[in-house]
Amino acid sequence: MLQEDNAQREGKIYGGKVTPLVLVICLVAATGGLIFGYDVGVTAGSTSSNEFLRKFFPSVYIKMKCEMDDEDGYCRFDSQMLTLFTSSIYMAAMVAPFFASSVTTAYGRKASMILGGLVFFVGSFLGSAAMNIEMLIIGRLLLGVGVGFGNQSVPVYLSEMAPTMLRGALNIFFQMAITIGILVSSLVHYSTANLEGDLGWRFPLGFAAILGLIMALGSLLLPDTPNSLLTKGQNGKAKELLQKIRATEEVDEEFQDLFKASEAAKKVENPWKNITQRRHRPQLVLCILIPFFQQLTGINVVMFYAPVLFKTLGFGDRAALMSAVLTGIVNVLATLVAILLVDKLGRRFLFFQGAIQMIICQTTVAVMIGLRYGSTGEGFFTTTEANMALFLICAYVAAFAWSWGPLGWLVPSEICPLEIRSVGQAINVSLNMTLTFAINQSFLSMLCYMKFGLFFFFVLFQIMMTIFIYFFVPETRGVPIEDMKRVWKAHWFWQDFVPDY
Ligand code: BGC
C-alpha cells in the first residue's frame, strides 16, 4: 500500500487555483442530485397517503387496514404490488444510463443533464396530474429516465470540472444534493400528510417538477467540460475554458493530458467492447462492485422504511415520521464531513472508518431487536431502548453519508480514462439502480422471512466490502483524472493488467 502512496506523491501537480467560478459551476451542476434524492424520499413516503392508496391501490389499502393487527410483527407491511409500483422508477433508471452514455459521449455531459432535468419535469407533471394508474406509471417511468440521465452525467461532469486537489469535495456536492433531496421530500411528506383529499399526494409528486426544472435550467447555463469540448473537436474553446476555471494561463500540462486522452478516446469505435479489455479490468471490476456494495450496506432500508421501522420499534405515527426527518438531517450534515475530509484524509480512510462504524451500529441494533422482538416480532422497546436504537440508526446513517454514499459516486467517476468514462459510469448507475430496485422490492419479504437476522445479512456484506477496499481499491486522492494509470501501475494486484506507458 506504501507503494501506492508514493505513486500518488510522485504524480503531476497542475497549475491553477480553485476559483469561485468553478465552485459555482459545480454547485449548479450538483443540483442534478436533487431529483434522485427526492425520489428516494418519495419511495419512502408514497405509502403514507391513505387517499393515494384508496385511489390507485384499493386492494393494498383494504389489506393494510384489515391485517394490521393479526399478523407476525415482521410481516405487517409486506405488499409486493405497491413496492413494485414504487420500484418502477428504478427499473427505468436501470436502462436509461445506457442511452445516456451515448448522449454524454457524443453531445457532451451537459446535453444529458438538460435532457434528464426535462424528462424528470414532464414525469413529475404527469404523476401529479394522474387521473388513472396508467398516467401514474408513465409519469413514474419518466422520472426514472430523468434520474438515469442525471446520475450518469452529473458525477462525471463534476469530476472533470474540478481541479485535482479538490475533486473529491466538488464531486460530493452531488451526494449533498441527493441528501437534501431526500430531506426535502420527507419534509414535504410530513407537512402534507394531513391534507384532505388528493392534495396530500398530488402536491409532493408535483413539487418534484420544480427540482427537474432547476436541474434543466441550471444545466442550460453551464459550459460543457473541457474534456467534452475536446471530444467534440472544439480545442480552442476547451483551452479557453480551462484557463478560465483554473484562473491561470499556465494550463499547458493539464491541457496536453486532456488532449491526449481525447485523441485516445476518438480512436475507440466501441467503448462497450473497450471496457471489457484486460487493460481496463480494474475499472470494470470497480464500476461493478462499488454500486453493488454501496447498496448492500442496507442504507435504503433506512431511507425507504425508516417510518415503518420506527413504528415497529414502538414510536407513534407522527414520532415515526419525525424520526425519519431526523435521519434525513443527520444524512445532510454528515455529508458535509465527507466534503471537508475527502481530499485531506483520502477515499480509503473514509471507506474504512465508515464501514467499521456501520458494522458496529447495525450489529448492536440487530442484537437489540433480536433480544426484544425475538422471532415472532412481538415485543417492545422501553423508551431508553427506543432512543438508543434511534441514536444507533442515526450514527449508521452518518457513517454511510461520509463514506460509501458519496464515494459510491465519486470513485467510479474518477477512475476511468476518458475513452471508457461514460460507459463506466453507465454501468455504475445501472447496477446501483438494479440493486436499489432489488432491495426495495425484497426488503419487506426478507424481513418477514429472515426477521432480525436480515440486519446481520447486511453486516456480512459490510465486512466483505471492507476487505475488498483494503485489497483492491487504491487511493485516488490528489491524482489527476487523466493520469490515473499510475495508480494501477503501482498497485500490487492491478499492475499486471495495465500496460506500461
Ligand atoms: C445512494 C442512495 C441512497 C442515498 C442516501 C446515495 O449515495 O446511491 O441509494 O438512498 O445515498 O443518502
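Whatever order the structure lists them in is the order used to number ligands and atoms, beginning at 1.
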Query raised in the report: Is a donor on one side and an acceptor on the other found under 3.5 Å between the side chain of Tyr157 and the backbone of Asp224?
Result: no
Query - Atoms of ligand 1 close to Trp409 [distance to a heavy atom under 4.0 angstrom, numbered from 1] - result: 6 (C), 7 (O), 8 (O)
Query raised in the report: Counting from 1, what ligand 1 atoms have a heavy atom of Asn432 closer than 4.0 Å?
Result: 8 (O)
Query raised in the report: Should we count CZ of Phe125 as having more than 12 external heavy atoms under 6.0 Å?
Result: no
Report task. Do me a favour and list the nearest non-hydrogen protein atom to atom 3 (C) of ligand 1 with residue, atom name and distance? Result -> Asn300 OD1, 3.4 Å
Query raised in the report: Does any N or O atom in Thr179 lie less than 3.5 angstrom from one in ligand 1, N or O only?
Result: no
**Report entry** Which residue and heavy atom of the protein sit nearest atom 1 (C) of ligand 1, plus the separation
**Finding:** Gln294 OE1, 3.5 Å
Query raised in the report: Do Arg348 side-chain atoms and Ile469 backbone N/O form a donor-acceptor pair below 3.5 Å?
Result: yes
Query raised in the report: Between the side chain of Tyr305 and the main-chain N/O of Asn440, is any donor-acceptor distance below 3.5 Å?
Result: yes
Report task. For the pair Gln294 (side chain) and Gly405 (backbone), establish whether a donor and an acceptor sit closer than 3.5 Å, ignoring hydrogens and angles. Result -> yes
Query raised in the report: So does Glu414 pair up with Arg347, basic N to acidic O under 4.0 Å?
Result: yes
Requested in this report: Pull out every atom of ligand 1 sitting under 4.0 Å from any heavy atom of Val40, numbered as shown with elements.
Outcome: 10 (O)
Query - Gln175-ligand 1 polar pair, N/O distance under 3.5 Å - result: yes
Report task. Apply the test side-chain contact (heavy atoms from CB on, under 4.5 Å) to residues Met303 and Phe400: give CA-CA distance (whole Å), side-chain angles for both, the deciding distance (0.1 Å), then the verdict. Result -> CA-CA 11 Å; Met303 291 299 136; Phe400 176 87; over 6 Å; no
**Report entry** For Gly405, the ligand 1 atoms whose distance to one of its heavy atoms is below 4.0 Å
**Finding:** 7 (O)
Report task. Could you tell me whether a side-chain N or O of Arg281 sits under 3.5 Å from a main-chain N or O of Trp494, the two making a donor and an acceptor? Result -> no
Query - Distance from atom 5 (C) of ligand 1 to nearest protein heavy atom, with residue and atom - result: Ile182 CD1, 3.6 Å
Report summary line: among protein heavy atoms, the one nearest atom 12 (O) of ligand 1 is Asn331 ND2, 3.0 Å
Requested in this report: Pick one of side chain, backbone, both or neither for how Phe400 approaches ligand 1, counting any non-hydrogen atom pair under 4.0 Å.
Outcome: side chain
